[in-house]
Amino acid sequence: MADGIADMRPAAGWIDAGAGTIDAAIYWDPAVYALEQERVFGKTWLCVAHESLVPKAGDFFTSRMGEDPVIVARQRDGSIAVFLNQCRHRGARLCRADMGQAKVFACSYHGWTYDLAGNLISISKESVVDGGKIDKTRWGAVKVAKIHNYHGLIFATWNPDAPAFDDFLGEAKWYFDMMFDRPGGTEVIGGVQKWVVKANWKLGAEQFTSDIYHFDYTHVGTSMAFMPPDMPMGEPPVVNGRQFRDQGHGGVVTTDVQLSDMQTAIAMGMDVLAYNQSRRPLMAETLGALRGHDAQPVHANIFPNLGILPLNQTLRLWQPRGPGEMEVWAWTLVDKEAPPEIKERARLQTQFTFASSGVFEQDDAENWAEVQRALRGPMGRSAVFNNQIGRGESRDPDGIFPGTTDFAMSEAAARGFYAHWQKLMLEDGQ
Amino acid sequence: MADGIADMRPAAGWIDAGAGTIDAAIYWDPAVYALEQERVFGKTWLCVAHESLVPKAGDFFTSRMGEDPVIVARQRDGSIAVFLNQCRHRGARLCRADMGQAKVFACSYHGWTYDLAGNLISISKESVVDGGKIDKTRWGAVKVAKIHNYHGLIFATWNPDAPAFDDFLGEAKWYFDMMFDRPGGTEVIGGVQKWVVKANWKLGAEQFTSDIYHFDYTHVGTSMAFMPPDMPMGEPPVVNGRQFRDQGHGGVVTTDVQLSDMQTAIAMGMDVLAYNQSRRPLMAETLGALRGHDAQPVHANIFPNLGILPLNQTLRLWQPRGPGEMEVWAWTLVDKEAPPEIKERARLQTQFTFASSGVFEQDDAENWAEVQRALRGPMGRSAVFNNQIGRGESRDPDGIFPGTTDFAMSEAAARGFYAHWQKLMLEDGQ
Amino acid sequence: MADGIADMRPAAGWIDAGAGTIDAAIYWDPAVYALEQERVFGKTWLCVAHESLVPKAGDFFTSRMGEDPVIVARQRDGSIAVFLNQCRHRGARLCRADMGQAKVFACSYHGWTYDLAGNLISISKESVVDGGKIDKTRWGAVKVAKIHNYHGLIFATWNPDAPAFDDFLGEAKWYFDMMFDRPGGTEVIGGVQKWVVKANWKLGAEQFTSDIYHFDYTHVGTSMAFMPPDMPMGEPPVVNGRQFRDQGHGGVVTTDVQLSDMQTAIAMGMDVLAYNQSRRPLMAETLGALRGHDAQPVHANIFPNLGILPLNQTLRLWQPRGPGEMEVWAWTLVDKEAPPEIKERARLQTQFTFASSGVFEQDDAENWAEVQRALRGPMGRSAVFNNQIGRGESRDPDGIFPGTTDFAMSEAAARGFYAHWQKLMLEDGQ
Amino acid sequence: MSYEMVLPYRVSDAGEPADLPLWHSVQQFLFQEAALLDRRAFAEWLDMLDDGIRYWAPTRYSRTPRERAGEWSRPDQAAHFDDSKQFLALRVRRLLTDRAWSEDAPSRTRHLVTNVQVRRLADGAIEADSNFLVYRGRVDDCEEIFSGARHDRLVGSDGPYPFRIAERVILFDHTMILANNLGIFF
Amino acid sequence: MSYEMVLPYRVSDAGEPADLPLWHSVQQFLFQEAALLDRRAFAEWLDMLDDGIRYWAPTRYSRTPRERAGEWSRPDQAAHFDDSKQFLALRVRRLLTDRAWSEDAPSRTRHLVTNVQVRRLADGAIEADSNFLVYRGRVDDCEEIFSGARHDRLVGSDGPYPFRIAERVILFDHTMILANNLGIFF
Amino acid sequence: MSYEMVLPYRVSDAGEPADLPLWHSVQQFLFQEAALLDRRAFAEWLDMLDDGIRYWAPTRYSRTPRERAGEWSRPDQAAHFDDSKQFLALRVRRLLTDRAWSEDAPSRTRHLVTNVQVRRLADGAIEADSNFLVYRGRVDDCEEIFSGARHDRLVGSDGPYPFRIAERVILFDHTMILANNLGIFF
Ligand code: FES
Ligand code: FES
Ligand code: FES
Ligand SMILES: [Fe+3]
Ligand SMILES: [Fe+3]
Ligand SMILES: [Fe+3]
């Protein structure tokens, strides 16, 4: 595929992270999309599930890695296997259920059977059809190269040369630990919500990586609705915090815990806030005072397509679906140890705010769709977008937060996201 | 894009205007379509609105230039601006309404704001986000290169090197003046009708340019329905007139004013006919006796996609929408000075005959769709169509009509339409 | 088109018939599909109708050759003509009906008229529009190069260099005669059923060519439903028979006539079985004892897209419709001489088992769709499928059946189908 | 600047909800009408229409929040249908010529008429509101869906049907018609 | 060469429109039936069918103006369904094996039954005409719409339901079925 | 492992089918509700809801034959809606700000409510089951179809409407929502 690249790509690449520009082709061009499936989704670590979706041996969840369907299955030894949901005989999907319990996966076409790890264990009528000559060990379902369980999030990659998972997170790990290394661990509320947004997946990923800037404009109506009717609509306060970025990941943490708690009270309710506050001493024991008490994460995205709103307790995958569509797969994330009424309250509030019918969520999705709608003609399609917001600082001037950071309302992490995306796109092979 | 052309195009070009043939690829090939967006719709003058749609300062109409969405806005100084309906920050459409009144266009994503001319006037939270370094004059909405108001029709082009508008009309201007240089000017009935025809836009454009030949066959049922039940169905009379053509434009004028008036009486009613007749002396004052009294325009198309039926008072844009679809945007055109009851009668009759439910219109649309339906397999797709009807005269043998003309029922103007289209397609760059 | 081939095709070709592998690209790649339309459907013989659909002069049936629409019309001399359903003027379809009676085909756009053989016989207003210069003999509808009536099945090809029809069938003719050379000839029940399966056409064709292996797995539920409720569900018996293959054709005949008759009794009813048995002496007179009494055909496919289930009396065309869809056109095939009640019983049983609502049919269609659903991402799309079932024998070890054969439950004919497909795909030109 | 839709017709405040028998009678009338349309019995359908009928389908627009009142065309603006009985009769006459190519072969329509609400007005006329979803099949694989509501004014009749349609307003849920034409009736 | 559709079944001229209670009773019966189908209570559904039922869905064609009468298959020609109760029972039995892969996972259907018109025939039987739009969801993103009308003949019953369906004609608005199969009931 | 759908709510076995007047009254109530939604008269719509309403749309899944009982989310699992009246009121308040961009321009909805079945329960409450197909148009060419059923519990009211909706379960026929959002009401 390398040959076509030079032609397809504008002279300076699609992304000029220095100048802060984005070539609109990355959102609509089918050739870019096809390459992206190979070079981004085929090469990097991808989140496929939360371990709480498959608690017992034989439990499975059918997920996606890019557009490829995969089965995530709990093994009898407690480990987790991830493999392509495709029979090696003539290619039928091995499993049609969204989730469930299985002993084996038997193909509905000619009955070839695979075990929970995707190994081919039976060729139908083997002796009758001279199947003995087929080496079953060579015809198992295609397995991922590596799997990693990161505080309950199951990641997998097709790439045997993918970096170790911690190296993949890089400097951002310090921040993601703050979200996922919760005392007693996390789980997701049962099930999953899926819906289809008519926009390129990167629009969701980029926003969760780097875009607190949109909030006061995109969500103005919802914010107004949440406020007491007689409260004057002033300019909302500027978030006091830092935006981290590394290897395409990004997010924001704030030291204005009081403001963050007020927002939690509004969006999640007083009980959830009180519960969360009660967990901070425990957090501090593990992660120290800064990550325990003194700061709170706001939003983040693990490259490429795992979005997180820690305050709103939503976790979501931006699943690519052609250049102009994505599926959003969303869960409510709760502490495993939280009392049932806190989990229930979180479930209700998260669904109400950030989910298929979420009052905040809706505004984001429609804005992304509006971006896509302007990408039909040659003028709109050849547009260069402005990605220059923020100073692009590298270090926290107060020396509080580690790694590469800018002030919260910056697009530095978006520049990082697209630069990392382009790096993968321009590297040949796996 | 020039590189791919040689391969894509048949050896002799798609069009052989001399032999009178058309390669069917121009109707279905996605590569031809993509190039056409750049080289035809990106280079030529395009009608975007009638000025009566935006009478007051702040009035806007969201239109299209090819597949690119544009805003047509009346400025405070009475002039009209046309610019791409796309925010330069991250590309959301700036305006979602079909038409209306605005003071500014504020982007719903991050609130960047543009004035009525598309100039970027505000970057949200500019001082907070270090936006001062962004040169707003460089990040306004993309503006068209030129705008021209031709007797109320607003034309625009992306091409700074586009010919002067009168040169663009060329010899055909003499004929178009006859349609649009009406005493007191014209206006369109409020609103617009839009519908989607599953056929390439050129099938509409070509027919209005050059095809009176189809009438007796395509519209036979409707013609029968309009006749008294006991009237025998004879061969309809041959239109006595001339078909003009230049630079892709084309149309027919007839000197058989009596026949034309009878058709007006049938299609538009006696009152409209009487009104129109009453305007002829005034027309003659401006344009002379020939264009005032002695001839009537029948049908026409301004290259590439503005169709006109003067008798039926319909004006329409053939908006491209992929190789196999077009949107038809249709208006009823009336004299500004016509009495209200004449405007109302014209509205009713035009809608009944040539609009989304129009009894004539329907037959055309379905025929075009039938052309498209046969373009699925390699035999149908590699067809060469016959475009040889007519003598291809250049001059009016009677010396009455100026410019290049053939007899009315010719395909000479179709040959001209396609030859001009091919000329643009083969010229590189803007 | 030859130029692009080398790049598009994997180094070893898509098909390695020796190793028994299939590159999944042949099912989803639009470039493969486009080439296939030219090189497979454009070059080989294709079944377009059964002659009983057009019994009388002027009867027509609108069919397809690949994605090209064609008209199959009975001529006044009793012969049959096949030509492209496209006007040569501006390309409108000449006939919009699915079947019927016509004297001529008059185009609805400008009225050009073609006779029953597709010859252009009238140019509208010929003298008025200077149409006399158009050589009507050069502007008739595009006709197929050859037509052949094979025991009532009408075949046509665009390819003047196509082999003689008997050579096209090759060794497989011996087997197809067994299905179609019925005493008194065959006919199809009036009308046709059409439905759309979201899967590549080759999945249907391949299965009818070569896949008895799927039956016990795909159709297990339906088989259970047909059995008495208290009958234990044992392993079904292995079909005792031979699978023939040649030039992409394939199918199975069984010598276990008793088992075959039991299956006929279940699927078609005792009366149909008794009728069929009564015909065997007559069959034997023409074709000999083996093909008359001692063996029964089970399933078959005439390359590329005519599927046959002789026992179930269904005949169907797998009509391509883009890489990911096919139309299935299905008929019930009966002996012309069968008594009305036998035809009626066959109609009811065939429709109930193998048709749009057929209880067996459904399972096949959904399996094919499941194959297609896994072909979205780069891992699934780059899969190599296993096509290794069966010993790949060449000769019947018992010396009973002629030609190249393997045991019944083999994929040897599938390997032959794909090898022949690839041979056509790699040959340039017509 | 109300969020609520401004309807293109005047909603009468006089009148009262129909009783059950009247509601049933009106609903059956509307179902009979739909059946005539789907069976293409257009000549008979014309008999259901009052000679003074206005059969009107105003165009619809996306508007800014401040201009929501302009969602529907005014009566003197663009309309998809604005037919007198004479116009409707001519449409039918055209179809019956068997040479109306746009309907060759005829569309395969199905009028799903639901949510029927009926009011009896002070002047004795009847107002019927209903929702519709019209499925239209053409050729072998062309499917169109028309969604909307109808606001009808009926008057009593001593013909074969108990009512005649004196006014019909068709409110499409489309700003752009996603079809080659509006060659069918609603 | 009439423009009006020639229906594939005989329209009885005897009989009269049902009164309101009977209409309501029949409509509720049809709604109960639809609910059973959408809940996949197929065994119970079979109890609603008369043992002698003909369940018939003739195929449909695009025809030339002169041959409009051939729009629907004749009773001895191709049909999408032409089932006896025995056939229908076998379809149900197949589904209940849990190994009918074409319906694994089962289709998510919704039968919108509208435009119900009822006639009582001279022989005491009841004719019910209705329109339907059946939505069918499969997998995560596969959507199908089936549009059509049904012509039912009902007979009285003293079982759990007041009627049994003695004849059903299903008129699809499709000449080609735009679905992998007709694996559901109408 | 029954083939029949296991509904996510308890089906009460007490109660009996509504008589015709009650059925009509409930159906008209549901039609009035649909009309308010399609006219975007959301503030008035809120008045139709009981203060204690649970407005719940559980998510749906494709399941293996052995786990069909898990087709619908349990009440403590993922849901597309799980709203109190307070939540619903906030949704409406948001829309009325005129700055809810996801509904700018507002969706063009049409609620086809069909197959209405009504039961009167022993405790005086009323259960209404209905099917719906909601058409939603957005922008010029964006069309969405939502199909499903509703299970409502109504209680009597002496307000402007005879009932209030005390519970609504919305059963979508979708496992994945094929829309940018669920920004409308069902
Ligand atoms: S495709 Fe899976 S066993 Fe054949
Ligand atoms: S996209 Fe317009 S302001 Fe950001
Ligand atoms: S397209 Fe057939 S006559 Fe013109
Ligand atoms: Fe947001
Ligand atoms: Fe025309
Ligand atoms: Fe099969």
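By convention in this document, chain letters (A, B, ...) are assigned in the order of the sequence lines, proteins followed by strands, and residues within each chain are numbered from 1.
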Is any side-chain heavy atom of [X] closer than 4.5 Å to a side-chain heavy atom of [Y]?
{"X": "R381(A)", "Y": "D68(B)", "result": "no"}
{"X": "M379(A)", "Y": "W158(B)", "result": "yes"}
{"X": "N387(A)", "Y": "R90(B)", "result": "yes"}

Given a strict heavy-atom distance threshold of 4.5 Å, which part of [X] is in contact with chain B: side chain, backbone, both, or neither?
{"X": "A414(A)", "result": "side chain"}
{"X": "T21(A)", "result": "side chain"}
{"X": "E366(A)", "result": "both"}
{"X": "Y27(A)", "result": "side chain"}

Handout entry: Heavy-atom proximity to chain A below 4.5 Å, by part of L94(B)
Key = neither
Problem - Proximal component of V128(B), with respect to chain A [non-hydrogen, under 4.5 Å] - result: both
Practice task
Please state whether the rings of Y213(A) and H110(B) are parallel, tilted or perpendicular, taking 30° and 60° as the class boundaries.
Solution key: parallel
Practice task
Determine yes or no for a side-chain-to-main-chain donor-acceptor pair under 3.5 angstrom, with N85(B) supplying the side chain and A374(A) the backbone.
Solution key: no
Handout entry: Nearest non-hydrogen partners of D130(B) and G390(A), listed with the distance
Key = OD2-O, 3.9 Å
Practice task
Could you tell me which non-hydrogen atom of L203(A) sits nearest to which non-hydrogen atom of Y109(B), and how far apart they are?
Solution key: O-OH, 4.3 Å
Fill in the blank from the handout: Per-residue tally against chain A (heavy atom, under 4.5 Å) across E126(B), R96(B), Q37(B) peaks at R96(B)
Exercise for the section: Find the one option among S108(B), G131(B), P320(B), G111(B) whose heavy-atom pairs under 4.5 Å with chain A are most numerous. Expected result: S108(B)
[atom1]-[atom2] distance between [X] and [Y], expressed to the nearest 0.5 angstrom:
{"X": "I123(B)", "Y": "N386(A)", "atom1": "CD1", "atom2": "CG", "value": "7.0 Å"}
{"X": "E370(A)", "Y": "C107(B)", "atom1": "CD", "atom2": "SG", "value": "9.0 Å"}
{"X": "K133(B)", "Y": "R391(A)", "atom1": "NZ", "atom2": "CZ", "value": "9.0 Å"}

Exercise for the section: Could you have a look at Q388(A), H219(A), R373(A) and say which one has the most heavy-atom pairs with chain B under 4.5 angstrom? Expected result: Q388(A)
Fill in the blank from the handout: Residues at least two apart in sequence or cross-chain that pass ring-ring contact (aromatic ring centres under 6.0 Å, His included) with F303(B), listed by chain then number, are F417(B), H420(B)
Problem - No-hydrogen, no-angle side-chain donor-acceptor test under 3.5 Å, H89(B) and E411(A) - result: yes
